[in-house]
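Notes follow once the structure below has been shown.
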Amino acid sequence: MFRDDTRGRITIVEIVTSVFALGFVAALWPVVQDALESTTDLLSTGEAYLFRLLLPLMLLVLLTVIFVTATAGGGRS
């Protein structure tokens with residue numbers, strides 16, 4: 001049986017870090033988007049698609065880290 005009652009607990013520090021990371025990505029995204037739009041002519045099709053997927057991939061990784069942190073713990077005794 002699981003006797004450690006730490007599973008599913010997210011601390012205030014983790015919440016603040018996550019919100020800061022989301023805010024950082026959101027604040028820088030317009031600058032990155034403008035830079036990508038200005039260099040679209042220089043990129044191949046694959047590179048352009050890869051750079052267009054940067055924001056969704058960053059958010060997916062961040063949400064995965066939050067999920068793993070939230071569900072970690074509950075070790076066996």
Side-chain angles (χ1 to χ4, degrees):
M1 295 295 298
F2 293 111
R3 295 194 176 128
D4 188 8
D5 193 24
T6 59
R7 184 170 185 239
R9 295 199 179 172
I10 297 178
T11 63
I12 298 296
V13 174
E14 293 165 342
I15 292 171
V16 169
T17 304
S18 300
V19 168
F20 178 76
L22 283 171
F24 185 77
V25 170
L28 286 182
W29 185 248
V31 176
V32 173
Q33 186 69 22
D34 288 342
L36 290 175
E37 287 177 0
S38 67
T39 60
T40 302
D41 299 335
L42 303 173
L43 298 174
S44 68
T45 304
E47 292 170 336
Y49 284 140
L50 180 66
F51 283 117
R52 295 273 180 207
L53 289 174
L54 275 178
L55 179 65
L57 289 175
M58 285 189 283
L59 293 177
L60 183 65
V61 167
L62 182 61
L63 291 175
T64 302
V65 168
I66 292 169
F67 176 77
V68 168
T69 302
T71 58
R76 295 180 188 254
S77 297

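- Between the side chain of E37 and the main chain of D34, no donor-acceptor pair closer than 3.5 Å is present.
- The side-chain heavy atoms of F20 and T17, taken from C-beta on, include no pair separated by under 4.5 Å.
- Within the model, atoms CH2 of W29 and CG of L59 stand 9.0 Å from one another, a figure rounded to the nearest 0.5 Å.
- L28 belongs to a hydrophobic cluster with F24, counting contacts under 4.5 Å between side-chain heavy atoms of Ile, Leu, Val, Met, Phe, Trp and Tyr, direct or through other members.
- In the hydrophobic cluster analysis, where Ile, Leu, Val, Met, Phe, Trp and Tyr join through side-chain heavy atoms closer than 4.5 angstrom, V25 is grouped together with V32.
- Taking all atoms of both residues into account, the shortest heavy-atom contact from S18 to L62 is O-CD2, 4.1 Å.
- Put simply, CG on L50 and OG1 on T45 are 12.5 Å apart, with the number rounded to the nearest 0.5 Å.
- P30 approaches A27 most closely through the heavy-atom pair CD-O, 3.5 Å.
- Looking only at side-chain heavy atoms (C-beta outward), Q33 and R52 come within less than 4.5 Å of each other.
- Heavy-atom neighbours of I12 CD1 from other residues, nucleotides or ligands within 6.0 Å: at or below the threshold of 12.
- Think of V31 as one node in a network of Ile, Leu, Val, Met, Phe, Trp and Tyr side chains linked at under 4.5 Å; it has no links at all.
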